[in-house]
Amino acid sequence: MTNHLPFSLKAFDLPLINNFSRQLLSVKKKRIALVVQGGGQRGIFTAGVFDAFLESGFDPFELYIGTSAGALNLSSYISRQPRFGYDFIVNYTTDNEFFNLYKYLSQQKPMNLDWVLDEVRAQGSLPLDVTTAREVLRHRRALACATRKDTLQDIYMPMYKDNWCDVLRASCAIPVIYNQPVNFDDLEWVDGGVSAAVPVKEAWQRGADLVIVIRTEPVLLPQDESSRFDDWRGKVEIALPDYIERLSLNESLDKVKALHGELTTKFESWKLNWRDTPLVKTGQTDAGPEAESINKGKGWSLLSADNIERFLALTGSNKRLEVIDMLNRYYTTYQGSHEFMLSPPEGLQIIQIAPEKGLKSRALLSGKDDLEVDYREGKLIGREFISHFADILNEATAVKR
């Protein structure tokens with residue numbers, strides 16, 4: 001029995017798709033969940049997938065779970081607002097009012113998450129349709145993942161309750177870049193991606209038989225992975241100083257050197273706990289072939305060059321080790337989710353809808369042309385998914401209409 005299916009333009013295997021479809025036809029009343037990865041502005045791909053779903057009226061899902069930007073995209077899908085995700089990412093998250101890297105590094109001006117979330121409230125310029133969303137959720141459940149700052153544990157909060165905007169803020173509160181504390185329920189919260197970038201296991205634990213996962217990065221099969229730990233460390237040591245230097249912010253280099261020493265200690269302790277991980281190389285600081293690979297966007301860690309903005313924020317933080325622990329938590333839980341999706345437990349089926357290759361857009365500071373390209377790819381693959389699976393899943397779902 002095939003219980004995992006990668007679904008992208010690159011991994012379009014029609015015999016495998018047909019085999020998977022036949023298996024779905026054999027069982028009725030499936031509990032179908034939708035899990036949505038974050039990724040900042042790379043969520044534009046997800047916005048395209050959702051717009052394809054909405055134009056077809058496709059929603060067989062009984063459970064929705066979103067992380068960070070994935071939770072924001074999920075909000076507009078549940079509220080039945082096509083083009084909302086596109087407008088939000090292209091017209092609001094690219095605005096200097098939301099985030100300006102130069103002002104962040106020179107003036108410590110953080111990401112203005114409060115401003116952009118005010119715009120999706122009822123009085124804002126891009127309001128979410130809360131009334132429609134609550135009607136959709138009468139017989140379904142939607143959860144946003146956030147991370148407890150004290151324990152780095154993933155917690156799943158109901159969406160579209162009275163505190164719906166606080167829940168979105170907690171799920172999207174990127175450590176350090178958004179430096180305002182998010183406090184409610186007597187706890188402090190940070191970005192859900194720290195503890196559960198792809199919370200597919202949570203959907204399974206809540207009873208899902210089939211999980212559709214929308215990714216913002218390609219699905220890497222086992223043969224694609226090698227030297228994961230060295231790759232992760234190399235991106236820090238090579239890409240970060242080079243990135244700062246190109247911005248002519250040389251005053252930050254001393255902070256990077258200090259951070260390097262702290263990282264060395266952390267790396268040595270972490271590698272003892274990570275499974276099947278090669279020994280760490282030392283003194284890897286010259287930009288050679290690996291740097292070229294980074295610049296092309298290869299690799300899948302949070303610290304690749306196309307997502308270096310999050311790590312840049314560490315250079316100005318007086319709580320650097322705290323945030324490094326968050327990055328370690330991200331890496332280990334991400335790897336666990338990745339392995340879980342490739343080899344689901346018996347009785348669970350997973351389909352990963354993903355880009356063909358690394359997206360052109362980045363977590364932050366993406367160009368609008370790149371965002372447009374990624375949106376169109378998402379919409380195209382969403383339509384392909386609809387053509388192969390909509391009728392089957394609409395027939396198989398256990399959700400009440």
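- Two residues are said to be in side-chain contact when any heavy atoms from C-beta on lie closer than 4.5 Å; Phe340 and Leu348 meet this criterion.
- A donor-acceptor pair under 3.5 Å is absent between the side-chain atoms of Ser68 and the main chain of Gly193, judged by distance alone.
- Side chains of Asn91 and Tyr86: no donor on one and acceptor on the other come within 3.5 Å.
- Side-chain N or O atoms of Thr397 include none that pairs as donor or acceptor with a backbone N or O of Leu393 at under 3.5 Å.
- Between the side chains of Tyr92 and Ser125, a donor-acceptor pair is found at a separation under 3.5 Å.
- Rounding to the nearest 0.5 Å gives a distance of 11.5 Å between CG of Asp154 and CZ of Arg148.
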When you look at Asp114 and Tyr178, which way does the side-chain hydrogen bond (donor to acceptor under 3.5 Å, both in side chains) test go after all the steps? CA-CA 9 Å; Asp114 299 304; Tyr178 177 70; 3.0 Å; yes
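- Taking the six-membered ring for Trp and thresholds of 30 and 60 degrees, His338 and Tyr334 have nearly parallel ring planes, at less than 30 degrees apart.
- Using a 3.5 Å distance cut-off with no hydrogens or angles, the side chains of Gln352 and His4 do pair a donor with an acceptor.
- A donor-acceptor contact under 3.5 angstrom links the side chains of Arg215 and Gln37, judged on distance only.
- The aromatic rings of Trp115 and Phe98 sit tilted, their planes meeting at an angle between 30° and 60°.
- For the pair Asp51 (side chain) and Arg83 (backbone), a donor-acceptor distance under 3.5 Å is present.
- Looking at Asp209, its side chain does come within 3.5 Å of a backbone N or O of Arg31 through a donor-acceptor pair.
- The number of heavy atoms from other shown groups lying within 6.0 Å of NZ (Lys360) does not exceed 12.
- With respect to Glu372 and Lys368, no salt bridge is recorded, no charged nitrogen being found less than 4.0 Å from a carboxylate O.
- Side-chain polar atoms of Glu97 and Asn112 form a donor-acceptor pair below 3.5 angstrom.
- The distance between the ring centers of Phe45 and Tyr375 does not fall below 6.0 angstrom.
- In this structure, Phe7 CZ and Glu384 CD are separated by 6.0 Å, a value rounded to the nearest 0.5 Å.
- The closest donor-acceptor contact from the side chain of Trp189 to the backbone of Ser171 lies at 3.5 Å or more, if one exists at all.
- Side chain of Asn394 to backbone of Ala390: a donor-acceptor contact under 3.5 angstrom is found.
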Glu62 and Lys30: salt bridge (Lys or Arg N to Asp or Glu O under 4.0 Å), yes or no, with the steps? CA-CA 9 Å; Glu62 185 174 343; Lys30 277 183 172 290; over 6 Å; no
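- Judged purely by atom type and a 3.5 angstrom limit, Thr147 uses its side chain to pair as donor or acceptor with the backbone of Asp191.
- Within a 6.0 Å radius of CG in Asp162, other residues, nucleotides and ligands contribute 12 heavy atoms or fewer.
- Side-chain atoms of Ser361 and Asp370 include no donor-acceptor pair closer than 3.5 Å.
- A side-chain donor-acceptor contact under 3.5 Å links Gln41 to the backbone of Leu365.
- The backbone N or O of Phe53 lies less than 3.5 Å from no partner atom in the side chain of Ser56, so there is not a single donor-acceptor pair.
- Relative to the six-membered ring of Tyr77, Arg80 meets both conditions, a distance below 6.0 Å and an angle of at most 45° to the axis.
- Judged by distance alone, with hydrogens and angles left aside, the side-chain atoms of Arg134 form a donor-acceptor pair with the main-chain N or O of Tyr160 at under 3.5 Å.
- Shown here is Asn18, whose CG atom has more than 12 heavy atoms of other residues, nucleotides or ligands within 6.0 Å.
- Between the side chains of Gln81 and Ser76, no donor N or O sits under 3.5 Å from an acceptor N or O.
- At a cut-off of 3.5 Å, with distance as the only test, no side-chain donor of Glu356 or Ser8 sits close to an acceptor on the other residue.
- Remark: Ile89 CD1 to Thr46 OG1 distance equals 7.5 Å, nearest 0.5 Å.
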